[in-house]
Amino acid sequence: MSAQSDQRTGLLYGFVAYGLWGVLPLYWHLLSAASPTEILASRMAWSLPVALIMLAALRRWSWIRPLLRQPKRLGLVVVAAAVISVNWYLYIWAVNSGHVLEASLGYFINPLVSIAFGVIFLRERLRPLQWAAVGVGTLAVLIMAVAYGRVPWIALLLAFSFATYGLVKKGIQLGGIEGFGTETAIQFLPALACLVLLGVRGESGFVSGGIGQSALLAGSGLATALPLIAFGMAAVRLPLSMLGMLQYLAPTFQFVLGITVFHEAMPPERWTGFVLVWLALAFLTWDALRTARSSRTALATARASAARSSAAGAAAEGAGPAAVAATPDGSITTSDGSITTPDGSIGTPDGPAAAPTAEPTGAPHEPTGAPDESAGAPAAEPTAGTTASPTASPTKP
């Protein structure tokens, strides 16, 4: 699969993941009769069977042994499972405690934190508009902190925990289903112990809440699996900065739900903070669109240049031009082996130079004197591999 096709697939998975996360508050609100601890434990415990069914259906087991032989990657899986557990618990508590808007603010801030993590940990370079977006987002948090008289800790914890999860997932490099399976396998035993303890204490909504409550708690595994698997498959295909841009889809849905369904208050200072965060996201979106357009133009130019070079190379190969090299004595040697001397004679490496093709304009030049007797014999004819001198025979001093 080409890099461009792989990125398109990653974008599709990203849209699915964040769209499902955007409407998830409705599901947790249906479980508000249960405690956040039981919802979290049920979510973790029921996610493992879903992951095993998917792995069995796809017959993906070959990755387990290599992973177990790599302690560093296995340690990162443990870290990812712990971080996402914190994120899950805080989000469930926020939804069922009347803080949907602040939770949505956390996921609005999340792209900015992800971009900052990309710069700090992955050495990604930011363009000016990306820096502006990070600065405006930071200003929004400061304004809301001053207006409310407290730091929006729910939003900040959600943003930093999920950005950390995305960063760790980049280091694990497992597929979406495989990563989900390993994380839920680590979460399963603590979650099961928690559910057993709640049942012993008589605090289990799964036991006492009726069939509907039990079905919803059991379905939390599937509600968790689908968006998380999609996110994992997007995370291994997309740069962290692009994941950061996609993440505003989920909080947009959550923001609308917080106002229209949960009827939470929106005082002016909260509107100010949200508007600034949206402005930061607008900077990111504009920068992404401009960069994508520039990349497409550069790619088209490169392809056209390569096509021209290829055509020129093919034409040159068909013409077969001879390469030319000059020697220190003024002779010129071409790639076909011919030699041209300064007087215009043309020869080859295995014979004497031929006379110039032009006819002489006068009588042949006669020697100026008799052969030198001291030489004992006339000058030898040129041997093969030599070029005749411009003077045919030696002259007597």
Side-chain angles (χ1 to χ4, degrees), residues 18 21-25 28 83 86-121 124-167 240-291:
Y18 291 113
W21 273 321
V23 298
L24 205 53
W28 304 136
V83 172
V86 172
N87 182 273
W88 287 354
Y89 179 84
L90 184 59
Y91 185 70
I92 293 169
W93 176 86
V95 168
N96 290 340
S97 300
H99 298 286
V100 175
L101 287 176
E102 189 168 347
S104 72
L105 176 64
Y107 288 109
F108 274 125
I109 297 172
N110 191 10
L112 306 175
V113 178
S114 294
I115 289 175
F117 278 14
V119 173
I120 296 170
F121 298 106
E124 295 180 358
R125 294 183 178 180
L126 296 188
R127 294 175 291 276
L129 278 176
Q130 290 176 313
W131 279 115
V134 173
V136 172
T138 303
L139 178 62
V141 173
L142 292 176
I143 288 176
M144 280 192 279
V146 172
Y148 274 95
R150 64 174 180 86
V151 175
W153 62 272
I154 297 174
L156 292 177
L157 283 179
L158 286 172
F160 277 88
S161 61
F162 200 75
T164 302
Y165 177 70
L167 180 65
L240 195 60
S241 56
M242 188 172 291
L243 279 178
M245 289 186 292
L246 281 176
Q247 290 177 22
Y248 67 83
L249 293 175
T252 299
F253 289 125
Q254 295 164 11
F255 177 81
V256 173
L257 290 175
I259 294 177
T260 61
V261 176
F262 298 99
H263 305 290
E264 294 188 16
M266 277 292 290
E269 57 270 19
R270 178 173 278 185
W271 275 112
T272 302
F274 272 93
V275 168
L276 286 174
V277 171
W278 295 335
L279 178 62
L281 294 175
F283 286 161
L284 292 181
T285 303
W286 172 251
D287 178 76
L289 292 174
R290 187 180 63 174
T291 303

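In this text the structure is predicted, and so the values were computed from the model without any measurement.
- The number of heavy atoms from other shown groups lying within 6.0 Å of CZ (Arg125) does not exceed 12.
- For the residue pair Leu276 and Val136, the shortest heavy atom distance occurs at O-CG1, 3.1 Å.
- Without hydrogens or angle criteria, Gln130 side chain to Ile115 main chain gives no donor-acceptor distance under 3.5 Å.
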Can you give the donor-acceptor pairs under 3.5 Å from side chains of residues 251-259 to other protein atoms, not counting sequence neighbours?
| unit_1 | atom_1 | unit_2 | atom_2 | d |
| --- | --- | --- | --- | --- |
| Thr252 | OG1 | Tyr248 | O | 2.7 |
| Gln254 | NE2 | Trp21 | O | 3.4 |
| Gln254 | NE2 | Tyr91 | OH | 3.2 |

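- Here the side chains of Ile154 and Trp93 are in contact, with some heavy-atom distance below 4.5 Å.
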query: Step by step, would you call Ile109 with Leu105 a side chain to side chain contact (heavy atoms under 4.5 Å, CB included)?
result: CA-CA 6 Å; Ile109 297 172; Leu105 176 64; 3.9 Å; yes
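- Judged by distance alone, the side chain of Ser161 and the main-chain N or O of Leu158 form a donor-acceptor pair under 3.5 Å.
- To the nearest 0.5 Å, atoms CG (Leu157) and OH (Tyr89) are separated by 13.0 Å.
- Remark: Ser114 OG to Glu124 CD distance equals 10.0 Å, nearest 0.5 Å.
- The shortest heavy-atom contact between Pro25 and Phe262 is O-CZ, 4.0 Å.
- By the side-chain contact (heavy atoms from CB on, under 4.5 Å) test, Pro267 is found to be paired with Tyr148, Ala265, Glu269, Arg270, residues two or more places apart in sequence or in another chain being considered.
- Remark: the backbone N or O of Asn96 is not paired with any side-chain donor or acceptor of Trp28 at under 3.5 angstrom.
- Across every non-hydrogen atom of Met144 and Phe274, the tightest pair is CE-N, 4.4 Å.
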message: Would Phe162 and Tyr165 count as a side chain to side chain contact (heavy atoms under 4.5 Å, CB included) here? Give the steps.
response: CA-CA 5 Å; Phe162 200 75; Tyr165 177 70; 4.0 Å; yes
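- Around atom CH2 of Trp131, no more than 12 heavy atoms belonging to other residues, nucleotides or ligands sit under 6.0 Å away.
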message: Please evaluate residues Val86 and Phe160 with respect to the criterion side chain to side chain contact (heavy atoms under 4.5 Å, CB included), reporting the C-alpha separation (whole Å), side-chain torsions for both, the decisive distance (0.1 Å), and the verdict.
response: CA-CA 11 Å; Val86 172; Phe160 277 88; over 6 Å; no
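- Closest non-hydrogen pair, Ala133 versus Leu112, comes out as O-CD2, 3.8 Å.
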